[in-house]
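Working notes for the structure below.
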2 protein chains.
Amino acid sequence: MNDSTHESTVPTAVRILAAAEEVFAESGYAGARVDEIARRAGVNKAMLYYHVGDKAALYGGVLRTYFQLLAGKLADALAGSEDPRERLRRLQVAFADTAIVHPHFPQIMLREIAAGGANLPLEALQGMGRFMSATREVVEDGCARGVFRADVEPLLTHVMVVGSVVFAANGLRLLTRLAEAGVATPEVPYDLPEIARLANDIILNGITSEGVTS
Amino acid sequence: MNDSTHESTVPTAVRILAAAEEVFAESGYAGARVDEIARRAGVNKAMLYYHVGDKAALYGGVLRTYFQLLAGKLADALAGSEDPRERLRRLQVAFADTAIVHPHFPQIMLREIAAGGANLPLEALQGMGRFMSATREVVEDGCARGVFRADVEPLLTHVMVVGSVVFAANGLRLLTRLAEAGVATPEVPYDLPEIARLANDIILNGITSEGVTS
DNA sequence: GTCTATATACCGATAGAC
DNA sequence: GTCTATCGGTATATAGAC
């Protein structure tokens, strides 16, 4: 314990990764500048390479944080209920919560989807695979129990559950830009958890078998 | 009329823009290399600047093609029916059709959403604004007629309608990458129009008032 | 209209002094 | 651990000959 400021107590590697997260989100992997990351972290560029490593190591370190948190929340979500509708809702909440703790996560994911995952290390690809498998498990279980319609596609369900959160999380920046340019935009009278809840209502309402009530 | 091959009859500017479309989709605005665009178009870099202009002009030219086609299809979709459910379906089909004619369109849009529209010229921003307004008009009309639930959010509806198509259109590359890395992936037994139809069924089912039947 | 050559600037990464 | 200086490569964009 000493009298140093909060900033100085944060390990250098953590400050570097926090800066990397910002820059990768804003500019993408190709567009990100290592000099800019070092500048925002308040460290010399040589120190950045000393503490964390090259550009790929910076990116991998950022992604590891995201997928470790998401994996834990997904496991809790699956274990927390037996009802397929409740489990699907919890799956979406787990992802939305991760996006709230790490606001740059959906932005970086959006860029990677566009890039076809070209920059993603194996660890991140496996994390995405586990997420898709979790959704598939919930959907197939729900179909088998007769709660969801038998023709519900697991992958489309995943796309709609995740996509609505990812788009909603990224939409505000675009709406701000549209407003700056003088383009009329619809109002956004709700926050991310609320959007996730509304989207989940629509999806559940859309895939639930007739006759099943909550 | 002469005996020249098809390739030589295509105007130089068109070939340049076609190459630009590819490279911008693959690498994003920041990551795109003008040299690479010139190489793929089969023209000298100086000629590229002579015929089309700088990087921003290349990007604007690509986007203009997209939004001009989309605007026409949206107008047809809105004018083609009075039924809110049918109009919302036509709106999604209009976008999906545009994405099928121009497969790089959803990829570039995904990158721009991540970038908050930072690279978009005013013309493209206005095109997006008109699209959002079209969805809002259909949703508000549907709510007023009692076809859609009164609490349906226009912007969330737009996000789900557009997002499902954009994600589906971009998903195949990511699934391919996952398979390459040995990560298990769900099957994809349908094409883009089919996905759009299934997503639209879920959304319409989710937002339609009880008691309304098709 | 077409090309070569280049100006100008920047980037990722490291060597080497301290 | 920390910094300065720099290497080697590459980017956008243009000048100027033909």
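In what follows, every heavy atom counts, from backbone to side chain, and hydrogens, waters and symmetry copies are set aside. Per chain, numbering begins at 1; letters A, B, ... match sequence-line order. Everything numeric in this text was worked out from a predicted model, so none of it was measured.
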Let me know the distance between [atom1] of [X] and [atom2] of [N], rounded to the nearest Å.
| X | N | atom1 | atom2 | value |
| --- | --- | --- | --- | --- |
| B:E36 | D:dA13 | CD | C1' | 18 Å |
| B:R15 | C:dT2 | CZ | C1' | 13 Å |
| B:R39 | D:dA11 | CZ | C1' | 16 Å |
| B:L58 | D:dT12 | CG | P | 10 Å |
| B:Y29 | D:dA11 | OH | P | 15 Å |
| A:M47 | D:dT2 | CE | P | 4 Å |
| B:L48 | D:dT14 | CG | C1' | 13 Å |

**Report entry** Parallel, tilted or perpendicular: ring planes of B:F131 versus B:H158, cut at 30 and 60 degrees
**Finding:** perpendicular
Query - Nearest heavy-atom neighbours spanning B:A20 and B:V62 - result: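 Taking B:A20 first and B:V62 second, the nearest heavy atoms are CB-CG2, 4.0 Å.
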Side-chain donor/acceptor pairs under 3.5 Å, residues 99-107 of chain B, sequence neighbours excluded:
from   : atom 1 : to     : atom 2 : distance (Å)
B:Q107 : NE2    : A:A114 : O      : 3.0
B:Q107 : NE2    : B:A25  : O      : 3.0

Query raised in the report: How would you label the contact of A:A32 with the nucleic acid (heavy atoms, under 4.0 Å): base, sugar-phosphate, or nothing?
Result: sugar-phosphate
Query raised in the report: Between B:D201 and B:R197, is there a salt bridge with N-O shorter than 4.0 Å?
Result: yes
Query - Pair B:E112 + A:R177: basic N to acidic O under 4.0 Å - result: no
Requested in this report: At under 4.0 Å between heavy atoms, which parts of nucleotides 13-18 of chain C does protein reach? Answer with one letter per nucleotide, 5' to 3': B base, S sugar-phosphate only, - none.
Outcome: BBB---
Cut-off 3.5 Å, no hydrogens considered: what does the side-chain donor-acceptor table look like for residues 65-81 of chain A, sequence neighbours left out?
from  : atom 1 : to    : atom 2 : distance (Å)
A:T65 : OG1    : A:G61 : O      : 3.3
A:Y66 : OH     : A:E21 : OE2    : 2.7
A:S81 : OG     : A:D83 : N      : 3.1

Query raised in the report: Under 4.0 Å: is that the gap between some side-chain N or O of B:R33 and OP1 or OP2 of D:dT10?
Result: no
